[in-house]
Amino acid sequence: MSQSIDYTERIPNNVDLAGDRRLQRALEAWQPAFLNWWAEMGPTLDTSDVYLRTATAVGREGWAHFDHVALPEYRWGVFLAERDEERKIAFGDGKGQPVWQQVPGEYRAELQRLIVIQGDTEPASVEQQRRLGLTAPSLYDLRNLFQVNVEEGRHLWAMVYLLQAYFGREGRDEADALLIRNSGSEDSPRILGAFNEETPDWLSFFMFTYFTDRDGKYQLGTLKESAFDPLSRTCEFMLKEEAHHMFVGTTGIDRVVKRSTELMREHQTEEIAPHGGIALNVIQKYINFHFSVSLDLFGGETSTNAANYFTAGLKGRWQETRRKDDHLLTDDSSEIEAMVDGQLTSQEVPSLLALNHDLRTEYVADCESGVKRWNKVLSDAGLDVRLHLPHVGFNRQVGLFAGSNISPTGEVMTDEQWAARAATWLPTPEDKTHVQSLMQPVYERGKIANWIAPPNQGINGQPFDYEYVHLA
Ligand code: BYC
């Protein structure tokens, strides 16, 4: 298999699609439905072209090419990381055996389900973000939004390829259904909770790309370990694209915090809303919300689904091969938080049951790195105030904390105490309205909205005032 991508095909790919007529026809039949979906549910802002990167090869070198591209003409396709002929299953019952190139009958339903859930999130995020182009703080940010959107579209292609290539008629039906469910729809919503929330403003977008895309990073990391090799190779390449999405989130929040500190200094007050800024306590509330909603994406802290996926070799742990244990976990136990008689405590459970918790713990540690960065911006500005991640039990709808009232600092609250304090912890309608009021588009080259600082550098070595987007 060659690692370079064939762009002469109707569907660019590095999987020799031309050599499999049946599959090629199935994907070519799905392509117009995808393009219709993009036209109807994709970005609402009309543009002539956008400075985008497109993958040219999946290897370490030279995998991206930058050019101005009309969005509907972006070359979505099917790109898998190179195959490692020697690859062996790293965990579970099949440990040490060769990885699978086909779907074993006994795991068909579970694998299909995992791929459908993963696939469902990708177009969902495009739908959630579709109106953001109307209010971008700069052409640079507008370009980044569209880069994220086209790549999420490609990640949908990645999952649809797997469904159509390996899951027969049911897979084709699931591929169609991925374009029929819609974010926030009453009748056919997206599968996971966070993907039915709105992304109504750019602060939410940066939080989403920081916290929710990072769940994507960790889930893809576990699917990359899968014994089903085509899934593993797909996820490996998706992870490369994902890094930019999280960069958008990390630096986006950096820049909002930086601008807020500037406005605080300039006006000698924390109350910067009247001066067109976003107060630090509002940024903290957005962190609280997006972090807690993203934690729900890990499923329950204890999960027999996760144990079964692991034992079967379908879904591993984050960096499975670097873990120093037996990769079977049948005799291991783990400590997780627990709620007993209304009190927060901890509990020993079999490690196999605690795999969602294990992944979530890795994720939380990674999330801390951004908070550290943003706090450095605050300390560099000579401020004592700090941003924090809330307690993992705060505002949860899924798992063992669902139904409990836990404050950001981890105290268990009564319903009355919660109701009295919730507005200080989560964005209120007033906070959202104010943030929304700041969302005025700035489409002049080199200009930036008042509520956010410009980036330290542009994209692909271009200056900040580059023509990243030509509007229609
Ligand atoms: N919402 O055993 P449990 C991304 C269901 S993001 C609604 O505790 P499990 C991206 C669950 O389905 C990454 N339902 O959980 C980011 C189960 O239902 P059944 C997406 C939920 O199965 C930004 C029941 O509750 N990828 O890529 O161990 C932009 C009990 O579940 C939720 C994946 O998630 C929820 N939040 O774990 C673009 C990877 N949580 O079986 C893209 C694939 C749980 O009783 N998915 N439920 O009917 C999985 O690995 C797992 O399905 C989950 C859940 C981690 C999601």
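If you read the sequence from its start, that first residue is 1, and numbering goes on from there. Just so you know, these numbers use all the heavy atoms, side chains as well, and skip hydrogens, waters and symmetry mates. Counting starts at 1 for both ligands and their atoms, in listed order.
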Q: For ring-ring contact (aromatic ring centres under 6.0 Å, His included), just list the numbers for Tyr161 and Trp30, CA-CA rounded to whole Å, side-chain angles, deciding distance to a tenth of an Å, and then say yes or no.
A: CA-CA 10 Å; Tyr161 162 73; Trp30 187 82; over 10 Å; no

Contact partition for [X] relative to ligand 1, non-hydrogen atoms under 4.0 Å:
X      : result
Phe195 : side chain
Asp213 : both
His245 : neither

Would you say [atom] touches the protein, meaning some protein heavy atom is under 4.0 Å from it?
atom                    : result
atom 45 (O) of ligand 1 : no
atom 25 (O) of ligand 1 : no
atom 18 (O) of ligand 1 : yes
atom 5 (C) of ligand 1  : no

Quick test: of every protein heavy atom, which one is nearest to [atom], and how far off is it to 0.1 Å?
atom                    : answer
atom 52 (O) of ligand 1 : Ile117 CD1, 3.2 Å
atom 38 (C) of ligand 1 : Glu152 OE2, 3.4 Å
atom 12 (O) of ligand 1 : Arg113 NH2, 2.8 Å
atom 31 (O) of ligand 1 : Asn305 ND2, 4.0 Å
atom 55 (C) of ligand 1 : Leu297 O, 3.5 Å
atom 14 (N) of ligand 1 : Leu192 CD2, 4.3 Å
atom 2 (O) of ligand 1  : Ser303 OG, 2.7 Å
atom 8 (O) of ligand 1  : Gly300 N, 2.6 Å

Q: Scan Leu139, Val69, Val469, Asn460 and name whichever one has a side chain to side chain contact (heavy atoms under 4.5 Å, CB included) with Tyr51.
A: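 Exactly one pass, corresponding to Asn460.
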
Would you mind running through ligand 1 and noting each atom that sits below 4.0 Å from a heavy atom of [X]?
X      : answer
Thr212 : 16 (C), 23 (C)
Asp215 : 6 (S), 13 (C)
Ile191 : 7 (C)
Asp296 : 36 (N), 40 (N)
Lys315 : 49 (C), 50 (O), 55 (C)
Leu114 : 43 (C), 46 (N), 49 (C), 50 (O)

Q. Between Ala307, Ser294, Gly299, which one has a non-hydrogen atom sitting closest to atom 54 (C) of ligand 1?
A. Gly299

Q. Does Thr222 have a non-hydrogen atom less than 4.0 Å from ligand 1?
A.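 No, that is not the case, since the closest heavy atom of the residue is not under 4.0 Å from the ligand.
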
Q.
So for Tyr218, does at least one of its heavy atoms come nearer than 4.0 angstrom to any atom of ligand 1?
A.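 No, Tyr218 has no heavy atom closer than 4.0 Å to ligand 1.
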
Is [X] close to ligand 1, meaning an N/O of one under 3.5 Å from an N/O of the other?
X      : result
Asn356 : yes
Thr304 : no
Tyr309 : no
Thr302 : no
Gly193 : yes
Ser125 : no

Q: Please work out which of the three classes, parallel, tilted or perpendicular, describes the rings of Tyr363 and Phe298, given edges at 30° and 60°.
A: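 Phe298 vs Tyr363 ring planes: tilted.
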
Q: Over 60° means perpendicular and under 30° means parallel, so classify the ring planes of Phe34 and Trp37, tilted if in between.
A: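 The rings of Trp37 and Phe34 sit tilted, inter-plane angle from 30° to 60°.
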
Q. Quick check, are the ring centers of Tyr218 and Trp318 under 6.0 angstrom apart?
A.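 Yes - the distance between ring centres of Tyr218 and Trp318 falls below the 6.0 Å cut-off.
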
**Q.** Within 6.0 angstrom of Glu368 CD, more than 12 heavy atoms from elsewhere
**A.**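 More than 12 within 6.0 Å, yes.
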
Q: Verify the neighbour count for atom CZ of Arg131: are there more than 12 heavy atoms of other residues, nucleotides or ligands below 6.0 Å?
A: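 Not buried by this count: 12 neighbours or fewer within 6.0 Å.
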
(Q) What verdict does the ring-ring contact (aromatic ring centres under 6.0 Å, His included) test give for Phe394 and His391, after you've listed the backbone C-alpha separation in whole Å, the side-chain angles of each residue and the deciding distance to 0.1 Å? (A) CA-CA 5 Å; Phe394 173 74; His391 188 272; 9.2 Å; no

Q.
Looking at Tyr210, I'd like to know if the NZ or CZ of Arg214 sits under 6.0 Å from its six-membered ring centre while staying within 45 degrees of the ring's axis.
A.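 Yes; both conditions hold, so Arg214 lies above the ring face of Tyr210.
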
Q. At their closest point, which heavy atom of Ala158 faces which heavy atom of Thr234, and how far apart are they?
A.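 The pair with the smallest heavy-atom distance is CB-CG2, 3.4 Å.
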
Q: Return the minimal non-hydrogen interatomic distance between Leu314 and Leu223, and the atom names on each side.
A: O-CD2, 4.4 Å

Q. Just by modelled atom types, is the Ser183 backbone N or O under 3.5 Å from a matching donor or acceptor in the Glu127 side chain?
A. yes

Q | Criterion salt bridge (Lys or Arg N to Asp or Glu O under 4.0 Å) on Arg143 and Asp49, from CA distance to verdict | A | CA-CA 10 Å; Arg143 176 254 168 234; Asp49 59 36; over 6 Å; no

Q | Carboxylate-amine/guanidinium proximity below 4.0 Å for Asp254 and Lys258 | A | no

Q: Could you give me the CA-CA distance, side-chain angles and deciding distance for Arg233 and Glu82, then say whether salt bridge (Lys or Arg N to Asp or Glu O under 4.0 Å) is met?
A: CA-CA 7 Å; Arg233 290 168 49 211; Glu82 269 182 288; over 6 Å; no

Q. Do Trp451 and Trp202 pass the ring-ring contact (aromatic ring centres under 6.0 Å, His included) test, and can you show the C-alpha distance, the side-chain angles, and the key distance before you say yes or no?
A. CA-CA 10 Å; Trp451 57 271; Trp202 280 77; 7.6 Å; no

Q: State which residue, out of Tyr166, Tyr107, Trp100, fulfils the ring-ring contact (aromatic ring centres under 6.0 Å, His included) condition with Phe228.
A: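 Per the ring-ring contact (aromatic ring centres under 6.0 Å, His included) rule, the option paired with Phe228 is Tyr166, out of Tyr166, Tyr107, Trp100.
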
